[in-house]
Amino acid sequence: MAKKYWLFKSEPEAYSIDNLAKERKVFWDGVRNYQARNFLRDEIKSGDQVLFYHSNTEPTGVFGICEVVKDGYPDHTAFDPESHHFDPKSNPQNPAWFMVDIKFVKKFSKPVTLDEIKSNAKLQNMKLLQRGSRLSIQPVTKEEFNVIVTSGK
DNA sequence: GCCAACGTTGGC
DNA sequence: GCCAACGTTGGC
C-alpha cells in the first residue's frame with residue numbers, strides 16, 4: 001500500500017513537538033472525533049508521514065515531521081475512568097476510539113506558519129484553510145507534504 | 001479573552 | 001428525526 005500523508009494538530013500546551021523530540025515515540029491518544037477516528041482506525045498505517053501542526057500558539061503552523069510506526073489500535077485511555085479522555089461509550093470489547101503510534105523525525109529549523117500556508121498558491125486546497133476546519137487529523141496530498149517540508153527544512 | 005463555527009446531546 | 005442548547009476548537 002502506498003504511503004499516505006497526514007496533518008496532526010496539537011496544542012503545544014497539551015503535547016508539543018519538543019515533547020516528541022525528547023520522547024522519540026508516543027501514542028497519539030485522546031482523539032474524540034468520529035471522522036478523525038475513522039482515519040486512525042482504517043487508513044493511517046505504519047510508514048505514513050505526518051506534518052506536526054501546532055494550534056493556539058504564536059505563530060500557529062507546521063513545526064516538524066513525524067512518522068507512523070504502528071497501525072490504528074484501540075485507545076485505552078477511553079477505558080480508564082481516571083483519565084480525562086475517559087469515555088463510558090467505549091470498552092475493550094467494542095472500542096469506540098483508536099490511536100496510532102508516531103515517532104519523531106525532525107523539527108523544522110523554522111516553522112511553516114499558517115500565514116505562509118495561506119499565501120502559498122500550491123497549498124490553497126488544504127483542509128486546514130477551509131472555513132471552520134476543526135478536524136484534528138487531516139489527510140494531505142504528497143505534493144502539499146513536499147511543499148511544506150521544502151519550505152520548513 | 002472573545003467569538004464564530006462546528007459536533008454532540010437530549011427533549012420532544 | 002428535528003433542532004435548540006451546550007461544549008469545544010482555534011484564529012485572532
Side-chain angles (χ1 to χ4, degrees), chain A residues 4-23 26-44 48-68 72-102 104-141 143-153:
Chain A
K4 291 198 281 291
Y5 300 86
W6 308 94
L7 179 146
F8 284 17
K9 265 188 219 169
S10 169
E11 300 189 19
E13 283 180 24
Y15 194 82
S16 76
I17 185 112
D18 292 324
N19 294 136
L20 183 61
K22 214 170 301 165
E23 295 180 40
V26 74
F27 50 84
W28 200 253
D29 65 310
V31 175
R32 297 291 178 267
N33 167 283
Y34 287 105
Q35 223 181 321
R37 187 280 310 270
N38 292 344
F39 288 137
L40 288 168
R41 187 188 57 193
D42 305 331
E43 299 206 41
I44 303 181
D48 287 0
Q49 302 293 116
V50 176
L51 298 170
F52 198 113
Y53 181 90
H54 276 328
S55 60
N56 274 314
T57 182
E58 182 53 45
T60 59
V62 178
F63 280 68
I65 310 168
C66 46
E67 178 178 331
V68 178
Y73 61 105
D75 180 345
H76 57 74
T77 65
F79 310 145
D80 176 7
E82 300 294 304
S83 168
H84 82 286
H85 293 313
F86 176 64
D87 184 347
K89 287 196 302 293
S90 190
N91 61 74
Q93 286 69 45
N94 187 19
W97 304 114
F98 285 74
M99 61 187 178
V100 297
D101 289 356
I102 57 171
F104 179 77
V105 174
K106 77 185 287 192
K107 182 184 175 183
F108 293 153
S109 53
K110 188 175 73 65
V112 180
T113 65
L114 185 57
D115 278 348
E116 288 172 61
I117 292 170
K118 280 179 183 164
S119 57
N120 189 321
K122 293 186 183 131
L123 301 176
Q124 294 310 297
N125 291 328
M126 288 187 72
K127 291 230 180 344
L128 192 64
L129 300 185
Q130 285 171 15
R131 204 171 64 118
S133 168
R134 289 168 37 183
L135 198 54
S136 67
I137 292 187
Q138 311 178 352
V140 302
T141 66
E143 289 70 29
E144 290 161 351
F145 183 87
N146 286 334
V147 168
I148 287 182
V149 170
T150 304
S151 53
K153 277 284 174 252

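We name chains A, B, ... by the order of the sequence lines, and we start the count at 1 in each one. Here the structure is a predicted model, which means the values were calculated and not measured.
Side-chain atoms of A/N19 come within 3.5 Å of backbone N or O of A/S16 as a donor-acceptor pair. No donor-acceptor pair closer than 3.5 Å links the side chain of A/Q130 to the backbone N or O of A/M126. Counting only distance, with no hydrogens or angles, the side chain of A/Q49 and the backbone of A/K4 share no donor-acceptor pair below 3.5 Å.
Separation of the A/Y73 and A/W97 ring centroids does not fall under the 6.0 Å cut-off.
Residue A/Y34 places its side chain closer to B/dT8 than to any other of B/dG7, C/dC12, B/dT8. For A/R131, counting side-chain heavy atoms from C-beta on, the closest listed nucleotide (B/dA5, C/dC12, B/dT9) is B/dA5.
At whole-Å resolution of the value, CG in A/L128 and P in C/dG10 are 10 Å apart. The distance between atom CZ of A/R134 and atom C1' of B/dG7, rounded to the nearest whole Å, is 6 Å.
A sub-4.0 Å separation between OP1 or OP2 of C/dT9 and a side-chain N or O of A/K9 is absent.
Across its full length, the helix from B/dG1-C/dC12 to B/dC12-C/dG1 shows an angle of 10° between the axes of its 5 terminal pairs at either end, rounded to 10 degrees.
Both A/S133 and A/N56 lie close to DNA chain B; mapped to their nearest nucleotides by heavy-atom distance, the more 5′-ward contact belongs to A/N56. Along DNA chain B, the nucleotide closest to A/K89 and the one closest to A/G132 are compared, and the more 5′ of them pairs with A/G132.
Smallest separation of non-hydrogen atoms from A/I137 and A/W6: CG2-CE3, 4.4 Å.
A salt bridge between A/D75 and A/R32 is present, with a side-chain N of the basic residue lying under 4.0 Å from a carboxylate O of the acidic one.
Among the atoms of the strands shown, none is found under 4.0 Å from any heavy atom of A/S136.
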